[in-house]
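Data first, discussion second: the structure below is written as structure tokens.
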Number of protein chains: 2
Amino acid sequence: MSAPVKYSSQREAILRFLKSRKDHPTADVVFHHIRKDIPNISLATVYRNLNQLAAAGIILRLTTDGKTDHFDACVEPHYHFCCRGCNGVMDIDMEPFPELTKKAEEVSNYKIEQATILFSGLCDCCKDKL
Amino acid sequence: MSAPVKYSSQREAILRFLKSRKDHPTADVVFHHIRKDIPNISLATVYRNLNQLAAAGIILRLTTDGKTDHFDACVEPHYHFCCRGCNGVMDIDMEPFPELTKKAEEVSNYKIEQATILFSGLCDCCKDKL
DNA sequence: CTTAATAATGATAATGGTTACTATTATTAG
DNA sequence: CTAATAATAGTAACCATTATCATTATTAAG
């Protein structure tokens with residue numbers, strides 16, 4: 001889980017792909033897209049690199065109620081929404097409330113390093129269907 | 001995943017155990033504790049009942065960065081903290097911000113049913129050790 | 001108090017996302 | 001160019017959770 005020290009074209013392709021997407025793909029989605037350019041890339045390589053990049057703070061891992069993690073190339077603090085219809089993960093474009101973390105730290109005495117705010121419900125598409 | 005319709009002593013024991021705990025045990029922890037009273041209870045029964053109770057809104061499922069879910073007998077809206085040292089999940093005793101959800105719904109157009117706020121970092125114990 | 005219908009259980013196999021392992025390949029410093 | 005070693009591909013293993021199914025327990029009706 002250490003930061004990458006040697007270049008690899010696979011890692012570059014993975015990061016490039018993630019940056020090109022506004023949604024937040026799962027490892028499997030990344031894998032299947034990268035395969036178009038690098039047909040023999042291994043799923044393990046995708047996971048390894050996503051983990052490395054996340055550990056290095058270059059990308060963000062999003063753990064939602066679903067069982068599969070999603071990944072986000074935007075590491076600026078922002079909020080997410082997970083649709084219980086399609087399991088898609090989208091951004092919520094509102095400015096973060098830093099006072100939330102401050103308040104929580106005051107109240108708890110814990111060393112709070114991160115605040116994850118995840119909304120859930122139904123997205124535009126699923127709102128109508130369900 | 002439907003609500004329970006028949007009584008079972010196993011379910012009662014699981015719910016009673018959950019209510020007795022301030023931390024938020026995993027299915028496995030519930031299983032091992034219930035086993036002291038009901039030695040031949042099955043892990044599947046624990047999972048089945050935790051799922052039912054959560055679906056019925058009687059308990060809360062907490063999905064954290066760790067790989068295993070935690071369960072909470074308190075369904076009042078409140079915030080949680082997950083320690084990256086010991087993977088424990090604790091309550092944060094501060095009043096919720098309902099305006100968060102309202103704002104997010106305005107901005108996004110999604111039907112937001114739930115807001116999950118999860119802080120993470122180091123708890124009192126792990127703060128010193130790490 | 002039976003009895004019949006069926007929900008719940010225990011035991012265990014299966015599933016699915018993720019990680020570990022290992023021989024091979026690619027990068028990089030000297 | 002060469003040696004050292006990080007990264008990879010392919011695949012087996014892992015582990016939390018779920019599905020399956022024969023058996024048991026609950027419950028409503030007679």
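Residue numbers start from 1 in every chain, and the chains themselves are labelled A, B, ... in the order their sequence lines are given, proteins ahead of strands.
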Which residues in residues 22-50 of chain B have at least one heavy atom lying under 4.0 Å from any atom of DNA chain C? B:Asn40, B:Ile41, B:Ser42, B:Ala44, B:Thr45, B:Arg48, B:Asn49
Under a 4.0 Å heavy-atom cutoff, the residues of residues 5-21 of chain B touching DNA chain C are B:Val5, B:Lys6, B:Ser8, B:Gln10, B:Arg11
Would B:Arg21 and B:His33 count as a side chain to side chain contact (heavy atoms under 4.5 Å, CB included) here? Give the steps. CA-CA 11 Å; B:Arg21 301 271 296 211; B:His33 275 82; 3.7 Å; yes
If you measure from CD on A:Gln10 to CD on A:Glu12, what distance do you get to the nearest 0.5 Å? 10.0 Å
Please work out whether the ring planes of A:Phe97 and B:Phe97 are parallel, tilted or perpendicular, with thresholds of 30° and 60°. perpendicular
Report the relative orientation of the aromatic rings in A:His80 and A:His24; use parallel for angles under 30°, tilted for 30 to 60°, perpendicular for over 60°. perpendicular
Using a 6.0 Å cut-off, check whether atom CD of A:Glu76 has over 12 heavy atoms from anything other than its own residue. no
A:Arg61 side-chain N/O to A:Leu50 backbone N/O, donor-acceptor pair under 3.5 Å: no
Mark yes or no for whether B:Lys127, through its side chain, and A:Asn109, through its backbone, hold a donor-acceptor pair below 3.5 Å. yes
Protein-nucleotide distance (A:Gln52, atom CD; D:dA6, atom C1'), rounded to Å: 9 Å
With a 4.5 Å heavy-atom cut-off, do B:Val30 and B:Phe71 have their side chains touching? no
